[in-house]
Number of protein chains: 2
Amino acid sequence: MLTVSELSKVAQATPDAIRHYVRIGLLTPSRNPDNGYKLFNGYDIKKVKFICRAKGLGFTLSDIQIIFDHSSAGKSPCPAVRDIIQQRINENRDRLVELNRLQQRMDEALEKWKSMPDGEPDGNAICYLIESTH
Amino acid sequence: MLTVSELSKVAQATPDAIRHYVRIGLLTPSRNPDNGYKLFNGYDIKKVKFICRAKGLGFTLSDIQIIFDHSSAGKSPCPAVRDIIQQRINENRDRLVELNRLQQRMDEALEKWKSMPDGEPDGNAICYLIESTH
DNA sequence: ATAGACCCTGGGTCCAACACACAGGTCAAT
DNA sequence: ATTGACCTGTGTGTTGGACCCAGGGTCTAT
């Protein structure tokens with residue numbers, strides 16, 4: 001049986017992350033009756049490593065919760081896993097498009113501002129650099 | 001003098017956003033002594049429009065707070081504005097790199113998983129699709 | 001006059017995924 | 001016995017709002 005910090009070392013996560021997973025129900029450690037400390041077993045090590053790998057593939061913690069639920073209900077999580085990642089791929093594609101557009105706007109703005117002098121506050125405009133963008 | 005919803009219409013923001021800006025101190029409306037309603041003036045319209053434009057350029061609300069502070073202290077915010085956006089550009093570039101890498105990992109995983117059969121839970125592995133990734 | 005529909009307010013919770021702060025417990029070494 | 005290092009649990013903060021609630025005000029139509 002492992003404590004929080006022991007698990008965190010074995011499974012390569014921070015103690016804060018471990019505690020977070022416990023809070024949201026991804027891990028359900030038993031407790032040391034003497035001091036209330038959380039106690040983890042070998043399956044918890046596997047679960048934390050799983051969480052890290054899945055996070056690295058773009059799964060959210062609630063996605064992972066769903067996978068755990070399937071698994072502990074004796075069902076194969078694999079179809080859900082394929083569905084979820086397809087969704088995350090779509091979302092990420094959209095986010096990339098948006099961030100690329102933002103990057104372009106920022107680049108253009110800075111380029112333009114480099115050749116503009118500072119404006120002094122006149123009680124009217126706040127910052128004419130930004131207010132000059134359209 | 002405008003109420004929250006009037007300002008929200010004129011300045012193209014939601015009433016919830018306006019209230020949010022008031023809560024965090026970006027706007028400091030006067031109050032109608034009869035009913036406590038927030039009362040905004042013409043400068044507030046300008047400020048909200050400014051907030052929207054600046055947000056669209058990647059400035060955070062606390063960036064905007066800093067700009068307002070400079071401005072109301074009688075200093076030109078322009079140098080700070082150039083510094084901040086340069087920072088946001090750098091951050092965004094990093095984020096883009098990371099998201100592109102994630103996208104690639106997700107694409108590869110899904111492609112691989114398409115040709116793999118579902119695994120049934122065996123009390124040992126959680127989902128071998130994910131656990132097979134390295 | 002009054003019913004219904006809408007608007008306002010302050011205050012609260014919720015989202016992701018932790019990070020950090022705090023007070024106190026535990027343990028080895030001295 | 002005491003010091004110091006390290007650990008624990010819980011509570012709160014982060015970003016930028018969205019949404020919800022109850023209590024009250026206001027407007028329009030009948």
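Below, chains carry the letters A, B, ... as their sequence lines are ordered, and counting in each starts from 1. Computed over heavy atoms, backbone and side chain alike; hydrogens, waters and symmetry mates excluded.
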How close or far is atom C1' of dA17(C) from atom CD1 of Ile18(A), stated in whole angstroms?
13 Å

Outermost contacting nts on DNA chain D, any atom under 4.0 Å from chain A heavy atoms, listed 5' then 3', are dC7(D) to dT12(D)

Between side-chain atoms of residues 100-109 of chain B and protein atoms elsewhere (two or more places apart, or another chain), which donor-acceptor pairs fall under 3.5 Å?
residue	atom	partner	partner atom	Å
Asn100(B)	ND2	Leu96(B)	O	3.1
Gln103(B)	OE1	Asn92(A)	ND2	2.5
Arg105(B)	NE	Gly56(A)	O	2.9
Arg105(B)	NH2	Gly56(A)	O	2.9

For the CE atom of Met1(B) and the CG atom of Asn41(B), what is their distance to the nearest 0.5 Å?
6.0 Å

Determine whether Leu26(B) and Lys47(B) make a side-chain contact, defined as any pair of heavy atoms from C-beta on separated by less than 4.5 Å.
no

Do Tyr37(B) and Val4(B) make a side-chain contact, defined as non-hydrogen atoms from C-beta onward lying under 4.5 Å apart?
no

Do you know the tightest heavy-atom contact between Trp113(B) and Arg82(A)?
O-NE, 3.1 Å

Net bend of the helix from dA1(C)-dT30(D) to dT30(C)-dA1(D), end axes of five pairs each, nearest 10 degrees
30°

Distance check needed: dC15(C) C1' versus Asp16(B) CG, whole Å only.
15 Å

Would you give the length of the straight line joining atom CZ of Phe59(A) to atom CD1 of Ile66(A), rounded to the nearest 0.5 angstrom?
10.5 Å

Mind checking the CD1-OG spacing from Ile67(A) to Ser72(A)? Nearest 0.5 Å is all I need.
12.0 Å

Distance, nearest 0.5 Å, that separates CG of Asn90(B) from CZ of Arg93(B):
4.5 Å

Rounded to the nearest 0.5 angstrom, the CD1-CD1 distance for Ile18(A) and Ile51(A) is 7.5 Å

Quick check: closest heavy atoms across Leu57(B) and Ile85(B), and the distance to 0.1 Å?
O-CD1, 4.1 Å

Taking every heavy atom of Pro29(A) against every heavy atom of Lys38(A), the minimum-distance pair comes out as CG-CB, 3.8 Å

Least distance between heavy atoms, Leu7(B) atom then Leu27(B) atom
CD2-CD1, 4.4 Å

By a strict heavy-atom criterion of less than 4.0 Å, which residues belonging to residues 4-11 of chain B are in contact with DNA chain D?
none

Short of 4.0 Å, heavy atom to strand atom, which residues of residues 19-42 of chain A count as contacting DNA chain D?
Arg19(A), Arg23(A), Arg31(A), Gly36(A), Tyr37(A), Lys38(A)

Considering residues at least two apart in sequence or located in another chain, which fulfil the salt bridge (charged side-chain N to carboxylate O under 4.0 Å, His left out) criterion with Arg88(B)?
Asp63(B), Glu91(B)

